[in-house]
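Following: one structure in structure tokens, then a few remarks.
Every number for a ligand or one of its atoms is a count from 1 in the order of the listing. In what follows, residues are counted from 1 in the order of the sequence shown. Everything numeric here is computed off the predicted structure, so don't read it as measured data.
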Amino acid sequence: MSSKPVVLIAEELSPATVDALGPDFEIRHCSGADRAELLPAIADVDAILIRSATKVDAEAIAAAKKLKVVARAGVGLDNVDVAASTKAGVMVVNAPTSNIVTAAELACGLLVATARHIPQANAALKNGEWKRSRYTGVELAEKTLGVVGLGRIGALVAQRMSGFGMKVVAYDPYIQPARAAQMGVKVLSLDELLEVSDFITVHLPKTPETVGLIGDEALRKVKPSVRIVNAARGGIVDEEALYAALKEGRVAGAGLDVYAKEPCTDSPLFEFDQVVATPHLGASTDEAQEKAGIAVARSVRLALAGELVPDA
Ligand code: NAD
Ligand code: MLT
């Protein structure tokens with residue numbers, strides 16, 4: 001029996017993670033998305049490393065008798081019950097900047113894809129169809145991009161899409177107006193943003209306030225030509241309301257990377273040709289996964305050594 005502290009890796013992480021942990025730990029693996037595997041596996045470990053598919057909720061925390069650290073190799077902490085962890089004396093760490101460039105690049109890709117129908121045209125051509133007029137798109141230049149949530153990723157998207165000649169507006173009640181002005185972004189109310197935007201991209205955390213924020217009421221205020229991208233968290237854009245808006249021609253297209261329930265392979269939204277969908281790929285680049293893995297491995301090492309864990 002090893003006397004080393006045990007680190008449970010509950011999702012697929014970059015090999016750099018194990019390298020960065022070094023030889024001082026016993027490494028175990030499990031499939032964290034499978035509760036029947038997770039609950040017994042977490043019982044006697046000192047740390048658990050996860051991405052977004054593993055729910056470390058109050059039940060998992062209660063089952064984890066020796067747990068000292070939950071390490072989230074990425075940004076969002078909506079799959080971790082931070083309050084229950086803190087109450088149980090378990091530290092929660094994440095890697096808040098590891099994948100922001102990668103996630104911003106995917107959101108920009110979805111904006112371009114929804115404007116120009118690139119995935120649909122690619123699929124049609126590979127199916128033997130040369131349909132040039134069917135895939136006529138719209139330009140991004142001179143159009144208004146509404147960024148909902150001008151935090152780390154929203155700001156990177158704003159900066160990059162300004163390079164396409166887009167006018168950028170944002171809704172974020174917590175952003176300093178001076179910081180937005182520095183970025184050349186005009187801050188508006190949500191209603192104003194919904195009314196003026198040709199494209200909307202969502203970059204909010206998933207919280208009780210943000211779930212359904214872009215719902216039926218909001219989608220009745222947008223231009224019918226609007227394209228909406230959600231590469232933040234499923235449910236912030238209400239899927240039923242988006243379905244109705246697409247069906248009724250009140251929204252022209254959508255780019256989705258995240259879903260209310262994941263994995264999601266059979267959404268009614270997939271019936272629309274004008275919906276471009278990716279399977280939660282926002283953080284999936286070699287670079288981001290390496291950065292996230294190394295950052296959380298370092299935090300786990302420090303935490304299990306009883307040292308201060310600085311903000312990443
Ligand atoms: P961030 O904390 O830097 O920015 C979030 C912004 O939202 C902040 O500026 C905050 O002021 C604003 N905000 C919070 N509550 C709000 C509200 N009720 N109304 C309006 N604005 C509000 O976060 P980030 O790093 O930019 O991440 C944004 C989102 O992207 C998160 O949900 C994160 O989990 C997600 N994400 C997804 C992927 C992916 O794989 N698709 C990858 C990385 C991050
Ligand atoms: C995140 O919040 O970092 C992302 O959802 C990426 C992920 O962990 O897959």
Minimum heavy-atom separation for [X] to [Y], with atom names?
| X | Y | answer |
| --- | --- | --- |
| Ser85 | Val80 | OG-CG1, 4.1 Å |
| Pro119 | Ala113 | CD-CB, 3.8 Å |
| Arg51 | Asn79 | O-ND2, 2.8 Å |

Tell me, which protein residue and heavy-atom name are nearest [atom], and how many Å apart are they?
| atom | result |
| --- | --- |
| atom 15 (N) of ligand 1 | Tyr174 CE1, 3.6 Å |
| atom 7 (O) of ligand 1 | Pro205 CD, 3.5 Å |
| atom 28 (C) of ligand 1 | His203 O, 3.5 Å |
| atom 20 (C) of ligand 1 | Pro173 CD, 3.2 Å |
| atom 33 (C) of ligand 1 | Val75 CG1, 3.9 Å |

Give a yes or no on whether the backbone of Gln274 and the side-chain of His117 come within a donor-acceptor separation of less than 3.5 Å.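 Not confirmed, His117 side chain does not pair with Gln274 backbone.
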N/O to N/O below 3.5 Å, does that happen between [X] and ligand 1?
| X | answer |
| --- | --- |
| Asp78 | no |
| Arg152 | yes |
| Leu204 | yes |
| Ile153 | yes |
| Thr210 | no |

Ligand 1 atoms in contact with [X] (distance to a heavy atom under 4.0 Å):
| X | value |
| --- | --- |
| Ala231 | 37 (C), 38 (C), 39 (C), 41 (N) |
| Gly149 | 7 (O) |
| Ala283 | 40 (O) |
| Asp257 | 39 (C), 40 (O), 41 (N) |
| Leu150 | 9 (O) |
| Gly76 | 34 (O) |
| His280 | 39 (C), 40 (O), 41 (N) |
| Arg233 | 32 (O), 34 (O), 35 (C), 36 (N), 37 (C) |

Heavy-atom protein neighbour under 4.0 angstrom from atom 4 (O) of ligand 1: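 Looking at atom 4 (O) of ligand 1, one finds that a protein heavy atom does lie closer than 4.0 Å.
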Is it true that atom NZ of Lys186 has more than 12 heavy atoms of other residues, nucleotides or ligands lying nearer than 6.0 Å?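 Atom NZ in Lys186 is not packed in, count stays at 12 or less.
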Is the count of non-hydrogen atoms from other residues, nucleotides or ligands lying under 6.0 Å from Arg250 atom CZ greater than 12?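 It does: Arg250 CZ has more than 12 such atoms within range.
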Would you give the length of the straight line joining atom CD of Glu129 to atom OH of Tyr135, rounded to the nearest 0.5 angstrom?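 So the CD of Glu129 and the OH of Tyr135 are separated by 6.5 Å.
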Close approach, Gly74 and ligand 1, non-hydrogen under 4.0 angstrom: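 Not so, Gly74 does not reach ligand 1.
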Looking only at side-chain N and O atoms, does [Y] offer a donor or acceptor that is under 3.5 Å from a partner on [X]?
| X | Y | answer |
| --- | --- | --- |
| Glu192 | Ser189 | yes |
| Tyr243 | Glu271 | yes |
| Thr54 | Glu11 | yes |
| Asp257 | Thr278 | yes |

Name the option, out of Ser98, Pro208, Ala232, that contains the heavy atom nearest to atom 30 (O) of ligand 1.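 Going through Ser98, Pro208, Ala232 one by one, Ala232 has the nearest heavy atom to atom 30 (O) of ligand 1.
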With atom 11 (O) of ligand 1 as the reference point, say which of Val147, Asp172, Val157 has the nearest heavy atom.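 Nearest option to atom 11 (O) of ligand 1, by heavy atoms: Asp172.
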Give the protein residues with at least one non-hydrogen atom closer than 4.0 Å to an atom of ligand 2, ordered by chain and number.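 Residues near ligand 2: Arg51, Ser52, Arg72, Gly74, Val75, Gly76, Asn99, Arg233, His280, Ala283.
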Note: [X]-[Y] ion pair, threshold 4.0 Å (strictly below):
| X | Y | value |
| --- | --- | --- |
| Asp78 | Arg233 | yes |
| Asp46 | Lys68 | yes |
| Asp191 | Lys221 | yes |
| Arg35 | Glu37 | no |
| Asp81 | Lys55 | no |
| Asp273 | Arg134 | yes |
| Asp198 | Lys223 | yes |

Should the proximity of Ala103 to ligand 1, defined as any heavy atom under 4.0 Å, be assigned to the side chain, the backbone, both, or neither?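 Contact part for Ala103 vs ligand 1: side chain (C-beta onward).
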Taking 4.0 Å as the limit for heavy-atom contacts, which would you say applies to Asn99 with ligand 1: side chain only, backbone only, both, or neither?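 Asn99 to ligand 1: side-chain contact only, backbone stays beyond 4.0 Å.
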